[in-house]
Number of protein chains: 2
Amino acid sequence: MFQVGEVSRRLGLNPQTLYFYERIGLMPSPKRTAAGYRLYEPPDLERLSFITQAKALGLSLDDIKDLLMLQDGQQLSCQEVYDRLLKKVQHIDETISKLQTLKAQLNPLLEQCQQSLAQTQIGQQCVVFQQHPLVTSAEPLHNPSLHNWEDLNYDTQG
Amino acid sequence: MFQVGEVSRRLGLNPQTLYFYERIGLMPSPKRTAAGYRLYEPPDLERLSFITQAKALGLSLDDIKDLLMLQDGQQLSCQEVYDRLLKKVQHIDETISKLQTLKAQLNPLLEQCQQSLAQTQIGQQCVVFQQHPLVTSAEPLHNPSLHNWEDLNYDTQG
DNA sequence: GTTGACCTTATACTTAGGTATAAGGTGTAG
DNA sequence: CTACACCTTATACCTAAGTATAAGGTCAAC
């Protein structure tokens with residue numbers, strides 16, 4: 001029987017994360033002391049351990065919730081885990097592909113900048129963002145030929 | 001001189017996006033009609049066109065704001081653009097590398113699942129999430145040997 | 001009793017880039 | 001005048017996964 005602080009230290013989680021998991025239904029409410037303090041039992045800790053492992057494998061909390069619901073009713077299906085991990089791997093492949101496409105588009109612009117730098121003095125007007133003619137037509141000005149960056153949820157600041 | 005609706009159609013932006021860009025300081029406030037309607041002039045549209053192009057190249061709005069501040073004072077420096085695009089490409093490389101590492105970790109687990117499925121009936125307890133022994137020690141239970149998924153800001157649902 | 005560590009609940013906030021909603025005002029054609 | 005399209009501002013909301021903050025209550029050592 002462990003209280004929140006002990007559990008959070010053992011699992012490397014923030015106590016608030018434990019409350020959060022309970023709030024979103026990922027964890028059932030554990031027993032309580034007379035004072036209202038949570039008392040986690042070993043199966044609770046096993047469940048939390050499962051959660052942290054699945055997170056490390058890239059499963060979302062929603063995925064994990066699904067799997068845990070399956071487990072609650074019966075033995076955890078290897079097929080279900082396989083399906084979700086396969087989906088993750090496929091999504092990794094897609095993202096890599098998109099990133100490579102985008103990089104392939106950026107590299108010529110980089111080279112263009114480099115050439116421009118080599119030929120002119122520092123401070124020269126950049127050629128990458130071509131100046132459009134004064135807008136006199138109804139033609140949309142956005143450039144759809146560039147890969148749509150917004151397809152990637154991807155932290156540019158790392 | 002164009003009003004919000006016209007500008008948004010020409011640039012493929014939502015009118016609310018125009019208000020948003022002004023609110024966050026990315027766009028200076030354009031002129032107004034006597035009724036308070038915005039009137040965008042060609043240099044305004046050029047600025048917005050620059051913004052949409054830079055976004056398509058993967059620059060964040062903060063990056064774009066920086067560049068535009070440079071441009072406001074003088075000619076846009078090719079060096080500044082090059083630096084930012086290079087940083088983007090480097091970040092793409094890092095993310096691809098991390099994704100490949102994660103994939104390399106997931107594949108053996110997938111194979112393990114596959115073997116387990118081949119050898120046993122559907123519904124067999126999954127072996128990927130090994131059952132931990134009952135928690136009797138102060139040893140943290142999280143598994144730091146797996147790649148830290150949270151380093152990647154990466155949409156798992158696509 | 002006091003103090004400090006720990007526990008509780010509820011809610012706001014973080015990140016980036018919007019976007020929806022609400023409550024108005026304006027312009028023009030019929 | 002009416003109706004509808006368009007404009008305005010302000011604020012809430014969205015995404016996922018926490019995390020910070022506030023305002024308490026509890027426990028045990030001194």
Do any side-chain nitrogens or oxygens of B:K55 fall under 4.0 Å of OP1 or OP2 in C:dA16?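 False: B:K55 side-chain N/O out of range (4.0 Å or more) of C:dA16 OP1/OP2.
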Verify the contact: side-chain N or O of A:Y21 to OP1 or OP2 of D:dA17, cut-off strictly under 4.0 Å; return yes or no. no
With sequence neighbours excluded, residues passing salt bridge (charged side-chain N to carboxylate O under 4.0 Å, His left out) with A:K65: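 Testing A:K65 for salt bridge (charged side-chain N to carboxylate O under 4.0 Å, His left out), a comparison that skips the adjacent residues, returns none.
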Starting at [atom1] of [X] and ending at [atom2] of [N], how long is that distance when rounded to a whole Å?
{"X": "A:N14", "N": "D:dA20", "atom1": "CG", "atom2": "C1'", "value": "10 Å"}
{"X": "A:L18", "N": "C:dC7", "atom1": "CG", "atom2": "P", "value": "10 Å"}
{"X": "A:F2", "N": "C:dC7", "atom1": "CZ", "atom2": "C1'", "value": "17 Å"}
{"X": "A:F20", "N": "C:dT14", "atom1": "CZ", "atom2": "P", "value": "17 Å"}
{"X": "B:D66", "N": "C:dA16", "atom1": "CG", "atom2": "P", "value": "13 Å"}
{"X": "A:K65", "N": "D:dA17", "atom1": "NZ", "atom2": "P", "value": "11 Å"}
{"X": "A:K88", "N": "D:dA16", "atom1": "NZ", "atom2": "P", "value": "12 Å"}

Counting C-beta onward and ignoring hydrogens, is there a side-chain heavy-atom pair between B:F20 and B:L26 closer than 4.5 Å? no
If you define the side chain from C-beta out and look only at heavy atoms, does anything of A:T95 sit under 4.5 Å from A:H91? yes
Pairs touching residues 30-42 of chain A that satisfy side chain to side chain donor-acceptor pair (under 3.5 Å), sequence neighbours left out: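 Qualifying pairs: A:E22-A:R38.
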Check ion pair B:K98-B:E94 (N to O, under 4.0 angstrom): no
For B:D83, check side-chain contact (heavy atoms from CB on, under 4.5 Å) against everything at least two apart and list the hits. B:Q79
By the rule that ILVMFWY residues connect when side-chain heavy atoms come within less than 4.5 angstrom, directly or transitively, which residues belong alongside B:M1? B:L39
For B:P30 against B:D44, the heavy-atom pair lying closest together: CB-OD2, 4.0 Å
Closest contact, heavy atoms only, A:C113 versus B:V81: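 Minimum heavy-atom separation between A:C113 and B:V81: SG-CG1, 4.2 Å.
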Counting primed atoms plus P, OP1 and OP2 as sugar-phosphate and everything else as base, spell out the protein contacts along nucleotides 1-9 of chain D at 4.0 Å heavy-atom distance: B, S or - for each nucleotide, 5' to 3'. -----BSBB
First of A:T33 and A:R23 reached from the 5' end of DNA chain D, by closest nucleotide: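 In this pair, the answer is A:R23.
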To 10°, what angle do the rotation axes through the five end pairs on each side of the helix from C:dG1-D:dC30 to C:dG30-D:dC1 form?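 So the angle between the two local helix axes works out to 40°.
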